[in-house]
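Beneath this line is the structure, given in structure tokens, with notes to follow.
Just so we're on the same page: letters track the sequence lines, and every chain starts at 1. Since this is a predicted model, take the numbers as computed values, not measurements.
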Amino acid sequence: GAVVSQHPSRVICKSGTSVKIECRSLDFQATTMFWYRQFPKKSLMLMATSNEGSKATYEQGVEKDKFLINHASLTLSTLTVTSAHPEDSSFYICSARDHNYEQYFGPGTRLTVT
Amino acid sequence: GNSVTQMEGPVTLSEEAFLTINCTYTATGYPSLFWYVQYPGEGLQLLLKATKADDKGSNKGFEATYRKETTSFHLEKGSVQVSDSAVYFCALQETSGSRLTFGEGTQLTVNP
């Protein structure tokens, strides 16, 4: 089946710094990728929809200047958490949509901001 | 708007017990319905899906039937194993390829 990777799998950063998370579709092209955030023992919250070659569409309440999304190619989308704070600590999961409109999820990135 | 409601967990069962995790939904149209499974520290894996009323999705001994009249998509398994311990998410998708709306997730623990 289709494989989606995320890098890094875990990252610890200091408050005030920026962190970039990569989401790659390894064996298919994805014009659309989705970024989710998952709080402990909670469901997934859609943050934004990332479209290749155009601006991301953010969900209500998600700060676009804080969570920068770049979908630079058909196999790569990046999420940059800028000026991270402890409350940004979370599990971030991406999914990528193939040409059949099937969505495949990445393994997630655990971000801890100290 | 669309929403998904799952039975609250956690659910703890003994091995070989019968499992039911309830899921009901609210949607304006005729969505596709999904069950995803998340093992500790990992992302989500698609377990099964159904795209229209009365369809039954099945995989690895799990089943769920799309019931339009009760707007439900309950997950069942006849005999659970320790390896089934995970968090299970019910989700809907209004149109093919669109955003997924997830339920709160149900933690399942199966004891030997």
Got a second to check how far B:Ser98's OG is from A:Phe34's CZ, nearest 0.5 Å? 7.0 Å
State yes or no: do B:Val37 and A:Ile93 share one hydrophobic cluster built from I, L, V, M, F, W and Y residues joined by side-chain heavy-atom distances below 4.5 Å, directly or via other members? no
Would a hydrophobic clustering, with Ile, Leu, Val, Met, Phe, Trp and Tyr connected at side-chain separations under 4.5 Å, put B:Leu47 with B:Leu108? yes
Hydrophobic cluster membership, with links at side-chain heavy-atom distances under 4.5 Å among I/L/V/M/F/W/Y: are A:Met33 and A:Ile69 in one? no
From A:Glu102 CD over to B:Gln93 CD, what is the distance, rounded to the nearest 0.5 angstrom? 8.0 Å
Does A:Lys20, at its NZ atom, have more than 12 non-hydrogen atoms belonging to other residues, nucleotides or ligands within less than 6.0 Å? no
Above 12 or not: heavy atoms from other molecules or residues under 6.0 Å from CD of B:Glu16? no
Any chance you could measure B:Leu100, atom CG, to A:Phe105, atom CZ, to the nearest 0.5 Å? 5.0 Å
Mind ranking B:Tyr39, B:Phe102, B:Phe34 by heavy-atom pairs under 4.5 Å with chain A and telling me who comes out on top? B:Phe102
Minimal heavy-atom distance between A:Phe91 and B:Gln38, with the atoms involved, is CE2-NE2, 3.6 Å
According to a hydrophobic-cluster definition based on side-chain heavy atoms being under 4.5 Å apart (Ile, Leu, Val, Met, Phe, Trp, Tyr only), do B:Leu46 and B:Val87 belong together? yes
Could you grab the distance from atom CZ of B:Phe89 to atom CD of A:Gln38, nearest 0.5 Å is fine? 4.5 Å
Hey, which residues of residues 43-64 of chain A are touching chain B, say heavy atoms under 4.5 Å apart? A:Ser43, A:Leu44, A:Leu46, A:Glu59
Please identify, among A:Gln6, A:Gln103, A:Arg10, the residue contributing the most non-hydrogen atom pairs under 4.5 Å to chain B. A:Gln103
If Ile, Leu, Val, Met, Phe, Trp and Tyr residues are connected whenever their side-chain heavy atoms lie under 4.5 Å apart, and connections chain through other members, are B:Val11 and B:Leu75 in the same group? yes
Who wins among B:Lys49, B:Gln107, B:Glu104 for the most heavy-atom pairs under 4.5 Å with chain A? B:Glu104
